[in-house]
Each structure stands twice: as C-alpha cells, then as structure tokens.
Number of protein chains: 2
Amino acid sequence: MKIGELAELGGVSTKTIRYYESIDLLREPARTTSGYRNYGDDAVERLRFIRDAQASGLTLAEIASVLELKEAGERSCAHTSSLLDRHLAQLDEQIALLKKSRTVLADLAMRSKALDPASCTDPNRCQVISAAEPLPNL
Amino acid sequence: MKIGELAELGGVSTKTIRYYESIDLLREPARTTSGYRNYGDDAVERLRFIRDAQASGLTLAEIASVLELKEAGERSCAHTSSLLDRHLAQLDEQIALLKKSRTVLADLAMRSKALDPASCTDPNRCQVISAAEPLPNL
DNA sequence: AGCAACCCTCTAGCTGGCTAGAATGTTTTG
DNA sequence: CAAAACATTCTAGCCAGCTAGAGGGTTGCT
C-alpha cells in the first residue's frame, strides 16, 4: 500500500507519516521500483498504535521507546505500565495545580468586578492582578 | 538602574528582559552614554506585574494588550476582567479534560498490571493500550 | 595596566508535533 | 496521450517563551 492509503487508514496526513519516519517512529518501508514507499498491513496497526498511545498521553519519544522494546523482543508490559504510572502521577499533579490556579483566578475575577475603576490609575500596576497571590507555576 | 539589577529585582534573567523588550512587552529604556540600558524604579513594578499576570495564566501577548490599554489611559478594569473570565472558562475546560484523561489512564494502568505478559506478542500492538478507548485531545 | 564583572548586538537554537511549499517524477483514468 | 492525482526530496516555518553563544565594548577596583 502507498503512503496515501496508509495515511487514510491511519487517520493522519502523508506528511505526518514521513515525519514519523524521519524521527524513527516508523521504520523505513520497502520501496517500489520508482521509489514510492510501499507499506504492508502491519503499518496500519503500528500507526494506530501510535495514535492510541499518543491519545493516552505518551509523547512520541516515549512511544518510540515502547516500540523499540517490543521490537527487541521484550515480552513484558512493565515498561508500558511504568510509563502509564508516571503519566498518571503527572496528570494528578497537573490537575492539582490547575485547581489551585482556578481558585486564585476566580478570586481575581470577582475582585475585578468589585473594584472601583476610577482608582485604577497607575499605568504600571493593576490592582486586580497585583493585589493577588502569585499562582504556582504551571 | 542597569539591566542586571533589574533582572535581580524582577526575578528574571537579563536575556529575558531583552527578549521582553524585543516583543514590546517592556518599553525601550533610556541609555547611558555608553549605551547601557538605564531603568527607573517603575520598571521593577512593570516586570513584577508581568510576572504576576503570567502566573495568573495570561500569555505574554495578553499581558501586552493589558499594558497597552493602561498606557493608552484606559481607566476601567473591564479588559483585564474579561481576560480573566475567559481564562477561568478555559481552565475549567482543561481541568475537565484532564480528569477524563485521568480516568482512562488509571484504567489502562490497572489493566496493564492484570494482563498476562506472555500473551503480549504482536510487536505492533500493545494489549494495554490498543484495547482502551482513545482519550480526548489534551 | 590588568582583570573581572558587567554590558552590548546579533544570530541561532531549543521544545513537540507537525505543516507548507518548491520543484520534480510517476501512476492512473478518460 | 494528456491531465489529474498521486508520489518524491528538500528546505523552511509555525506556536511560545525563552536560552546560548559569538564577538565585542565598558566599568570599577587594585
């Protein structure tokens, strides 16, 4: 199958496929005599795996490492599992941070509505924002 | 005050200050005869305002627009207020998305531990990941 | 006079995940 | 047999927010 068909089946663009190849996420496929990439059916599987793994929050680099391990004959799911665990922890952290931000931001928004605009005179300061606690880094 | 001192007081690097100037977030300061940037005390306020606003989740572009309005003599906090409201909505959306992702990811992680590794043989697929629902885009 | 610590401008690169376009070659369809 | 639809490689750019380095000049102290 040619790159266009693979792109169609995998739900990505041909450019994306070539890009994936360039970062060694997809192996170089066979070529036709005229130089066109010629994929087998397994390429669709692999592409979909990438898409699903990406949707699970793994970066392309991480996906590459999973695929590499699998290609090397690694039978265990431990690597994938630990990646997932790590992402779960990150996700929790992120959610906590966002919630904290939300609290502060909601506070700011309320304050901005209660303030007297006429008292807002300093061009380098904003009462709404300056008066608030700084948020944790996102 | 010279750039190094301002950087120190503002908690950023001198490179960052020059960068902010390059994107018109900071105005061009006066210069000494030898060409050094020479800041007044208000620069510290402005830099801190930028930092605080950034911590509130505003992008540098948005901060620039707030500062621009203030410089133009805008007395009302309406702009800032609406920016904050918009960010609040975005934040809520983001949190909801992350929570959804978290649920799916936790499910995946559990599944990966319950699976029999020996049955994981297809180098292009991973039972853990392929079996799951795709997550919403992050 | 020498040296460190500061400052200047300018260009280029980083992160991640692509996307766009130029210039060219091939395959398929009518 | 011509046109369209596909394919190729290559270079360059996007987003945001910086950071690094080259190759200089200035300031302040001894």
Side-chain angles (χ1 to χ4, degrees), chain A residues 1-26 28-39 43 46-67 83 86-87 90 94 134-135 137-138, chain B residues 1-26 28-39 43 46-67 83 87 90 94 134-138:
Chain A
M1 132 189 24
K2 284 186 294 185
I3 196 170
E5 195 182 347
L6 176 60
E8 185 79 20
L9 291 173
V12 299
S13 74
T14 58
K15 302 255 191 196
T16 300
I17 291 175
R18 291 198 199 92
Y19 169 70
Y20 283 175
E21 188 182 313
S22 82
I23 60 167
D24 290 325
L25 194 49
L26 291 177
E28 298 187 12
R31 299 282 185 144
T32 67
T33 47
S34 59
Y36 284 17
R37 285 173 180 78
N38 194 7
Y39 294 96
R46 195 178 171 104
L47 201 47
R48 285 188 181 152
F49 168 81
I50 292 169
R51 196 197 49 198
D52 293 343
Q54 204 178 12
S56 300
L58 302 189
T59 66
L60 295 184
E62 286 167 333
I63 296 168
S65 84
V66 173
L67 287 172
L83 276 177
R86 208 142 47 78
H87 271 282
Q90 274 175 19
Q94 230 182 343
L135 287 175
N137 289 329
L138 292 183
Chain B
M1 125 188 34
K2 282 185 293 185
I3 197 172
E5 195 183 346
L6 175 61
E8 186 79 20
L9 291 172
V12 300
S13 74
T14 59
K15 301 255 189 198
T16 299
I17 291 176
R18 291 198 201 93
Y19 169 69
Y20 283 175
E21 188 182 313
S22 82
I23 61 168
D24 290 325
L25 194 50
L26 291 177
E28 298 187 14
R31 299 281 185 145
T32 67
T33 46
S34 58
Y36 285 17
R37 285 172 182 80
N38 194 6
Y39 295 95
R46 195 178 170 104
L47 201 48
R48 285 188 183 153
F49 168 81
I50 293 170
R51 195 197 51 197
D52 292 343
Q54 204 178 13
S56 299
L58 302 189
T59 66
L60 295 185
E62 286 166 333
I63 296 167
S65 83
V66 173
L67 286 173
L83 275 178
H87 271 283
Q90 273 176 20
Q94 231 183 343
L135 287 175
N137 290 330
L138 292 187

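Note on naming: letters A, B, ... go to the chains in the order of the sequence lines (proteins, then strands), and numbering restarts at 1 for each one.
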key: Donor-acceptor pair under 3.5 Å, Lys15(A) side chain vs dG17(C) base   = no

key: Residue pair Arg31(A) / Asn38(A), side-chain heavy-atom distance below 4.5 Å   = no

Any side-chain heavy-atom pair of Gln54(A) and Thr59(A) under 4.5 Å = no

key: Atom-pair distance (OH on Tyr19(A); C1' on dT19(C)), nearest Å   = 11 Å

inquiry  = Nearest to the side chain of Thr14(A), heavy atoms from C-beta on, is which of dT19(D), dC18(C), dA7(D)?
reply    = dA7(D)

message = Can you tell me how far apart CZ (Arg46(B)) and CD1 (Ile63(B)) are? Round to the nearest 0.5 Å.
response = 10.5 Å

message = Using OP1 and OP2 only, check whether a side-chain N or O of Thr59(B) sits under 4.0 Å from dG17(D).
response = no

message = Can you tell me which nucleotide in dC7(C), dC18(D), dT8(D) comes closest to the side chain of Arg18(A)?
response = dT8(D)

Interatomic distance, Glu28(B) CD vs dT9(C) C1' [rounded to whole Å] = 13 Å

Sub-3.5 Å pairs of nitrogen or oxygen atoms, protein against nucleotides 25-27 of chain D:
from    : atom 1 : to       : atom 2 : distance (Å)
dG25(D) : N2     : Tyr36(B) : OH     : 2.6
dT26(D) : O4'    : Tyr36(B) : OH     : 3.1
dT26(D) : O3'    : Ser34(B) : OG     : 3.2
dT27(D) : OP1    : Ser34(B) : OG     : 2.8

task = Round to a whole Å and report the spacing from CE of Met1(B) to P of dC6(C).
result = 16 Å

inquiry  = Please confirm whether the shortest side-chain N or O distance from Arg37(B) to OP1 or OP2 of dT9(C) is below 4.0 Å.
reply    = yes

ask   = Between Asp24(B) (CG) and dA16(D) (P), how many Å, whole number?
value = 15 Å

inquiry  = Does Glu62(B) reach a base, just sugar-phosphate, or nothing at all? Heavy atoms under 4.0 Å.
reply    = nothing

remark   = Tyr20(B) has its side chain closest, among dC7(C), dC18(D), dT19(C), to dC18(D)

query = With a 4.5 Å heavy-atom cut-off, do Leu67(A) and Ile50(A) have their side chains touching?
reply = yes

Interatomic distance, Leu6(B) CG vs dC7(C) P [rounded to whole Å] = 10 Å

ask   = What nucleic acid atoms does Ile3(A) come within less than 4.0 Å of, heavy atoms only: base, sugar-phosphate, or nothing?
value = sugar-phosphate

ask   = If you measure from the Lys or Arg side-chain nitrogens to the Asp or Glu carboxylate oxygens, is any gap between Arg37(B) and Glu28(B) under 4.0 Å?
value = no

ask   = To the nearest angstrom, how far is Ile23(A) atom CD1 from dG16(C) atom P?
value = 10 Å

key: Value in whole Å for how far the C1' atom of dT19(C) lies from CD1 of Ile17(A)   = 14 Å

task = Report yes if some heavy atom in the side chain of Ile3(B) is under 4.5 Å from a heavy atom in the side chain of Tyr36(B); otherwise report no.
result = no

key: Identified side chain to side chain contact (heavy atoms under 4.5 Å, CB included) partner of Leu25(B) from the options Leu60(B), Ile17(B), Leu47(B)   = Leu60(B)

query = Within this structure, what is the CD1-to-C1' distance between Ile50(A) and dG17(C), rounded to whole angstrom?
reply = 13 Å

